[in-house]
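In what follows, a structure is listed as structure tokens, so that the remarks can point back to it.
Atoms within a ligand are numbered from 1 in the order they appear, just like the ligands themselves. Note that the numbering runs from 1 along the sequence shown for the chain.
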Amino acid sequence: MGEAVRVAYEAKADEYAERFGTMAAVHQSDRDLVAGWAQGISGHIIDAGCGPGHWTGFLKDLGCDIEGVDLVARFIDAARTSFPQAMFRTASLDNLGSRDGQLAGILAWYSVIHLPPGELHVALAEFARCLRPGGTVVLGFFDGPAGEAFPHAVAPAHTWSVAAMRSDLAAEGLEVTEAHVRSEPGCRPHAAVVARKLGVREGAETF
Ligand SMILES: C[S@@+](CC[C@H](N)C(=O)[O-])C[C@H]1O[C@@H](n2cnc3c(N)ncnc32)[C@H](O)[C@@H]1O
């Protein structure tokens, strides 16, 4: 999954990191959403598609047990240098390298936007496999018609609607518990959802 995307980001990783690779480039309400989510989690979190690693470093500094993974080796090298307090490794959205039910949380911040519409379910299934029952995933993405392609500076990307994301997550056993959309002049509309893995943990506790 994602070879063309990997090649495209390898070529533009330095430029991307310079423009977007700090928390100063993140909208305050996104920072608040993700920080609040992560601080409510006890257990291991993966920042899936971490890019330059700023989210991973930020959440590590907040005390989270987190590691960043990305397809692009140049991002991982840069992230290790910029955020030495955190762990980073290469991995793909369709194989996070975690055991079944190992994760308490997954942050997928604008990393699924490059998946062809027919492949989104593969990443969502991988998230569901890796999350423990009651574990949660946060996805950030461009709000719009589901699967509509638009020109992106690095690689082909797609908008997604909250309704379609909700339904695609539900198909993998992930229930949306929070959804946010934002439109601001000059910016492509933004959406974020939090979803929880349904299931039963040992001891018959239901979630
Ligand atoms: C728009 S950037 C977002 C990076 C970072 N999460 C952020 O908020 O700045 C998309 C990221 O997803 C990664 N990515 C895209 N497809 C991927 C895949 N199949 N597996 C792992 N990472 C992927 C890219 O390498 C890139 O770092």
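- The contact shell of ligand 1, taken as protein residues with any non-hydrogen atom closer than 4.0 angstrom, comprises M1, V5, Y9, Y16, G49, C50, G51, H54, W55, D70, L71, V72, F75, A91, S92, L93, W109, Y110, S111.
- In terms of hydrophobic clustering, with Ile, Leu, Val, Met, Phe, Trp and Tyr side chains grouped at heavy-atom distances under 4.5 Å, L131 and L198 are assigned to different clusters.
- Residues L120 and M165 form a side-chain contact, since some pair of their non-hydrogen atoms from C-beta on lies under 4.5 Å apart.
- Note on residues 50-59: pairs passing side-chain hydrogen bond (donor to acceptor under 3.5 Å, both in side chains), not counting sequence neighbours, are D47-T56.
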For this session: Starting from the C-alpha separation in whole Å, work towards a yes-or-no answer on salt bridge (charged side-chain N to carboxylate O under 4.0 Å, His left out) for E15 and K12.
Result: CA-CA 5 Å; E15 189 187 333; K12 294 201 170 175; 5.1 Å; no
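- For the salt bridge (charged side-chain N to carboxylate O under 4.0 Å, His left out) test with E175, the passing option among R166, R196, K197 is R196; the others fail.
- Side-chain contact check for L93 versus F127: some heavy-atom pair is nearer than 4.5 Å.
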